[in-house]
Number of protein chains: 2
Amino acid sequence: MFLEDISLATKRIPAVCGSCELGCVCLCTSLPAAERSKLIEQVVRPTRIRAGDHIYRAGEPFQWIYAIKTGHVKTYAQNGSGEERIVGFPMAGDTLGLEALHERYHNVSSVALIDTTACRISVRAFERFATEISGMQRQLLLTLSRDIARHHQWLITENQRAERRVAAFLIRIADKQKARGEDPEKILLPMSRADIGSYLNLAHETVTRALSCIAKTGSIRTKRRKIDIDDIEQLREQAFDPDYHFG
Amino acid sequence: MFLEDISLATKRIPAVCGSCELGCVCLCTSLPAAERSKLIEQVVRPTRIRAGDHIYRAGEPFQWIYAIKTGHVKTYAQNGSGEERIVGFPMAGDTLGLEALHERYHNVSSVALIDTTACRISVRAFERFATEISGMQRQLLLTLSRDIARHHQWLITENQRAERRVAAFLIRIADKQKARGEDPEKILLPMSRADIGSYLNLAHETVTRALSCIAKTGSIRTKRRKIDIDDIEQLREQAFDPDYHFG
DNA sequence: CGACTCCTTGATCGAACTCAACGTCTGTGG
DNA sequence: CCACAGACGTTGAGTTCGATCAAGGAGTCG
């Protein structure tokens, strides 16, 4: 996906590229014809972001469509008085910034939680070559469609109590890690309790209490940001089984 | 937009078609060349839905992309034990069903709140003519992007108290009516208090109480589903101004 | 008119928020 | 290496907002 990867594309494809949402312009998924590779050279640009650095801020013009290769990011919205709300934690394989497609400027901010690498395509290039990379248009449509479907599923867990929402949050992270071929039972959260709370609409103390409560049942063990899942099936029940009741 | 409208397209374009999200295949926005009109004849099909009838149900295959011409719809998700949660109230000018693009089947259900007419394009036709109607692909990308951006804005109001959320709900409806050229100060809600509550994550009694509370300030008058907005600026403060506090 | 659904209002209860204090980890500089 | 600062996490106590339960009112349709 990086420019320097072009010559390597036939040799070794990083695992994360297989699920990358920029796949249709990316060398990793379809070997390019000469012209196509030229297009891609003009289009794809790699970028590295240090932990704590912003990738973009709300209000800035929409310049790049990103796909995260490694790392973890948080995106947040702010209201008039500066209160912020986490809207998501994009990680490797996710695209970033697409919500700005409509208004042409970002209405959320995006910051790296840990050191992160991301591939990007300039919006101008994307627009210019819209027909050539209509496969990518389609890919982005699918991505956005899936995001919306996920949001709908999310709504269902939203009126559940705190322990369930936190359990569901952990399950989703574990599932995502599993899909990426990582160990789903060892979670290293890159974000603070306050971030989780902002995302789940809970106070940070409530997140802590919920984690303690879940830990007491034996599903997980917590050591600050390290979470070990000992009984993922029970955790799944705690998250989604309406018959399960805590303590 | 309806087949029978084709001959009329040059004479009178319904106001709602100007903002229709199927615009790029619709006769109302761009007069067709002979071939294009033939394509459109194959593609666009009108449909009428009676109040209470389902347009599609969760689990059904994804067959049509809809654009609502007149009427009002609610979409809802269900969890394993049958509890439902309203995910949105699409109205005239909105597209419907796109969240299914990714999984190829619907994961929410959609039902008309009042008698509704909708234009639709079959997914098969859309896929078959994907290159010809790449303008529509782009249009749908913008639509989904905007939906996600709206969701992000929605998150900010979500941790506010009940009165604010209800006030914000009314403001959004008023703004949408204004955008469609209707009177923004006379709202006729097509959905029940329970539906609003499910959407806002509130009990239906809380919705009633919030409306009563807002009415007491003089911003609105409520008569069951008829809401008159008397002071929209105050209502806007009640929804979004962090300095505003209720009685 | 009666049956039904929806809306409204009141009273009580509980889950989560807020405030506060303390514990724990990390990084920095002497 | 240790001391310290600062950020983050945990736990407890009191409060509050909204859910729940309950009852009655109002509109609608046969």
Side-chain angles (χ1 to χ4, degrees), chain A residues 50-52 74 83 85-86 111 113-115 157-170 187-216 220-228 238 242 244-247, chain B residues 50-52 74 83 85-86 111 113-115 157-170 187-216 220-228 238 242 244-247:
Chain A
R50 287 184 191 283
K74 75 172 178 183
E83 299 165 65
R85 176 88 197 263
I86 307 285
V111 60
L113 291 165
I114 55 177
D115 287 353
T157 63
E158 204 180 32
N159 58 346
Q160 305 292 320
R161 33 180 305 173
E163 292 84 354
R164 301 218 150 191
R165 266 183 283 173
V166 173
F169 177 74
L170 294 177
I187 293 177
L188 181 57
L189 296 173
M191 74 293 279
S192 70
R193 302 286 191 264
D195 283 341
I196 299 172
S198 171
Y199 181 59
L200 298 178
N201 207 6
L202 297 171
H204 69 93
E205 299 95 325
T206 308
V207 175
T208 290
R209 274 186 258 269
L211 284 170
S212 304
C213 174
I214 296 168
K216 249 180 232 151
I220 62 170
R221 276 169 298 148
T222 66
K223 202 186 293 175
R224 288 179 81 83
R225 297 194 180 184
K226 280 212 294 276
I227 313 273
D228 288 342
Q238 289 165 341
Y244 189 97
H245 293 290
F246 283 88
Chain B
R50 286 183 192 283
K74 74 172 177 184
E83 302 164 64
R85 175 89 198 261
I86 307 284
V111 60
L113 290 165
I114 55 178
D115 287 353
T157 62
E158 202 180 33
N159 58 347
Q160 305 292 319
R161 33 180 307 167
E163 292 85 354
R164 300 218 151 189
R165 266 183 283 173
V166 173
F169 177 75
L170 294 177
I187 293 177
L188 182 57
L189 297 172
M191 74 294 281
S192 69
R193 301 286 191 264
D195 284 340
I196 299 172
S198 172
Y199 181 59
L200 298 179
N201 207 4
L202 297 170
H204 70 93
E205 299 95 326
T206 307
V207 175
T208 290
R209 272 186 258 270
L211 284 170
S212 304
C213 175
I214 296 169
K216 248 180 235 152
I220 61 171
R221 275 168 298 148
T222 67
K223 202 187 291 174
R224 289 180 80 81
R225 297 194 180 184
K226 281 214 292 274
I227 313 273
D228 289 340
Q238 289 164 342
Y244 189 96
H245 293 288
F246 283 87

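Here is how names work: the chains are called A, B, and so on, in the same order as the sequence lines, proteins then strands, and each is numbered from 1.
Looking at heavy-atom distances under 4.0 Å, A162(A) makes contact with sugar-phosphate atoms alone, never a base. Using a 4.0 Å heavy-atom criterion, one finds that N201(B) contacts the sugar-phosphate atoms exclusively.
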Which atom pairs link the protein and nucleotides 5-8 of chain C when you take only N or O atoms and keep those under 3.5 Å?
| unit_1 | atom_1 | unit_2 | atom_2 | d |
| --- | --- | --- | --- | --- |
| dC7(C) | OP1 | R225(B) | NE | 3.1 |
| dC7(C) | OP2 | R193(B) | N | 3.0 |
| dT8(C) | OP1 | R193(B) | NH2 | 3.3 |
| dT8(C) | OP2 | R193(B) | NE | 2.7 |
| dT8(C) | OP2 | R193(B) | NH2 | 3.2 |
| dT8(C) | OP2 | T208(B) | OG1 | 3.0 |

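Contact between R165(B) and Q160(B) at its shortest, heavy atoms only, is NE-O, 3.2 Å.
Read 5' to 3', the first and last nucleotides of DNA chain D with an atom closer than 4.0 Å to a heavy atom of chain A are dC8(D) to dA13(D).
If one axis is set at each end of the helix from dC1(C)-dG30(D) to dG30(C)-dC1(D) from five pairs, those axes are 40° apart, to 10°.
Between S192(A) and R225(A) the shortest side-chain heavy-atom distance falls below 4.5 Å.
The interatomic distance linking K226(A) (NZ) with dT24(C) (C1') rounds to 13 Å, in whole Å. Between the CZ atom of R209(A) and the P atom of dG14(C) there is a distance of 18 Å, rounded to whole Å. Between the CZ atom of R161(B) and the P atom of dT18(C) there is a distance of 12 Å, rounded to whole Å. Rounded to an integer number of Å, the gap from F246(A) CZ to dG14(C) P is 19 Å.
For the atom pair CE (M191(A)) and CD1 (I86(A)), the distance works out to 8.5 Å, reported to the nearest 0.5 Å.
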